[in-house]
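Here the structure comes first, spelled out in C-alpha cells, and everything after it is commentary.
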Amino acid sequence: MTTRNDCLTRDAHDPLAALRDQFDLPAGVIYLDGNSLGARPKAALARAQHVIGHEWGKDLIRSWNTAGWFDMPKRLGNRLAPLIGARDGEVVVTDTTSLNLFKALAAAIHLQAQHPERSGRRVIITERTNFPTDIYMAQGLSSWLDRGYTVKLVDSVEDIPAALDGDAAVLMLTHVNYRTGYQHDMAALTRLAHEAGAVAIWDLAHSAGAVPVDLHAAHADFAVGCTYKYLNGGPGAPAFIWVPQRHQAAFTQPLSGWWGHAAPFAMAPDFAPTEGIGRALCGTQPVTSLALVECGLDVFEQTNMAAIRAKSLALTDLFIELVESRCAGHPLGLVTPRDHARRGSQVSFTHPHGFAVMAALIERGVIGDYREPHIMRFGFTPLYTSFADVWDAVEILKEILDNGKYDIAAERGAVT
Ligand SMILES: *Cc1c(COP(=O)(O)O)cnc(C)c1O
C-alpha cells in the first residue's frame, strides 16, 4: 500500500522536480487541468511586460524587425519541432487549431484531387468522439466546397479499417482523445490509411508536450496542435501546423493571406505562395500571445519527452491505484486505458454526479474539469505536478465522496 511518505520519497528522487519552480502556481491549489490550460511559466509575466512595455511601447513598429516579431511563427515552430518528431522548417506556430486543421484538410483534399487514381475520393473519416471542433471544421469545409465531400464518423478504432474503403480521401484523427485519454497507435493507423490510399492528418492537441510523438517515424502526412494545453503557452495562445518537407511543394490552402506570399511587401495584386512551411501562414499574428509560447518551450528544452513520459505514466498509475484503493466502494468507473501504450497524460473517471463532485473538488482547490457524460477529467503535467499532489488530491476526493460533500444542484458556468 502506497503512503504519503512514499510519495514524498518519490518526489525527492524525481529528476523533473526542480522544474516546478519555474511555474507560478497559487498556494493551496493542486492543478490537474494542464491538459486544458497549462500553468503559467514564471518567465511569462516578465516576457509580457517586455513585449508590451519595451518592444511595443518603445520600439513601436520597428519591432517587426528588431524584436523578430515577423519571424516568430517559424522560429517558435523550429523550437517546437523536436517535441513532435518534426524537422527544421516544417512547423509554424500560428492561428488556432481549428484554423490549422482547416488548412491541413484543404491541403489533403487537394493532394488527393491531384492524384490520378484517387481524385474521385470524397470521404473524410474521423471519430464520433473526436473533439467537436475537429468534426465541425471537416463538416464545414466539406459542405462549403459543395463537391460531394462528406464526413464519415466511426464509433470505435476497430471500425477504422472497414471505413478505409475506395472512397476514403482523408483519415483525420486526434492522437489522444480529450475525454477518455485514449492514445491511438499513430504509426499503425497511418500505415492502414496509406495502404488504403488515404492521407493521414493527426491532431496533437493532447499530445504535444504530453506524450512522445514521432511524426516522421509514423510517416504522417499533416499535423496540427495546441500550445495552450501541455505546452503552457497561455490562454488562447496560437496553435501549430506541421507540413513535412515531402508535401511542401504541393501544399496549398485556401486561406492565402499575405503572410503566406513569396514577397509579402511587394504588395503584388496576385497571390504567389512562398516556398516551404511559410505557405501555411495566413495573416498578422497576435504578437503578445505568440511571444509567450516561447516561455513554455524554454522549460521543455531543459528536459526531454522520455523523462516527461516516464513521470507521466508514474503519476497516472499512482492516481489510478490510489483512487481505486482509497475511494473503493464509490461508483467510480475508470475510462482511461490501463495499458501504458494506449494512455495519454490524463485520467478520466465517471461518477453519476461527476459534475457536482468536480465542483466540490475545485472548491477545495483540486482543479480538474468535467466533460459530458459524467466524466471527471484529471490532467497530469510532469513539469509541475508532484507525487504528493496526487496523494493529496485523492485524499480530498475521498473525503468529499465519503461524506457526500457535493451539491448535486451545483450551477454550471458557461465554460465547464
Ligand atoms: C483543445 C482542442 C482543440 C481546440 O481548438 P481551438 O481552435 O484552439 O479552439 C481542437 N482540437 C482538439 C482535439 C482539442 O483537444
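Remember, predicted model here, so these are calculated numbers, not experimental data. Residues take their numbers from the sequence shown, with the count starting at 1. Start at 1 and go down the list; that is how both ligands and their atoms are numbered.
Counting heavy atoms closer than 4.0 Å to ligand 1, residue Thr133 contributes side-chain atoms (C-beta onward) but none from N, CA, C or O. Residue contacts with ligand 1 for Ala205 involve side-chain atoms from C-beta outward but no N, CA, C or O (heavy atoms, distance under 4.0 Å). Neither the backbone nor the side chain of Leu99 comes within contact range of ligand 1; no heavy atom lies under 4.0 Å.
At least one side-chain heavy atom of Leu32 sits less than 4.5 Å from a side-chain heavy atom of Thr385.
Donor-acceptor pairing under 3.5 Å is recorded for the side chains of Asn130 and Thr126.
Residue-ligand proximity, Thr96 to ligand 1, at heavy-atom distances under 4.0 Å covers atoms 7 (O). If you number the atoms of ligand 1 from 1 as listed, the ones under 4.0 Å from a heavy atom of Tyr228 come out as 1 (C), 4 (C), 5 (O), 6 (P), 8 (O), 9 (O).
Cation-pi geometry between Lys74 and Phe240 is not satisfied (NZ or CZ under 6.0 Å from the ring centre, within 45° of the ring normal). A cation-pi arrangement is absent between Arg279 and Phe251 under the rule of less than 6.0 angstrom and at most 45 degrees off the ring axis.
In the displayed structure, Trp56 atom CH2 is contacted under 6.0 Å by at most 12 heavy atoms of other residues, nucleotides or ligands. Residue-environment remark: CD1 (Ile408) stays at or below the threshold of 12 foreign heavy atoms within 6.0 Å.
Looking only at protein heavy atoms, the nearest one to atom 5 (O) of ligand 1 is Thr97 CB, 3.5 Å. Regarding atom 11 (N) of ligand 1, its nearest protein heavy-atom neighbour is Asp134 OD1, 2.7 Å.
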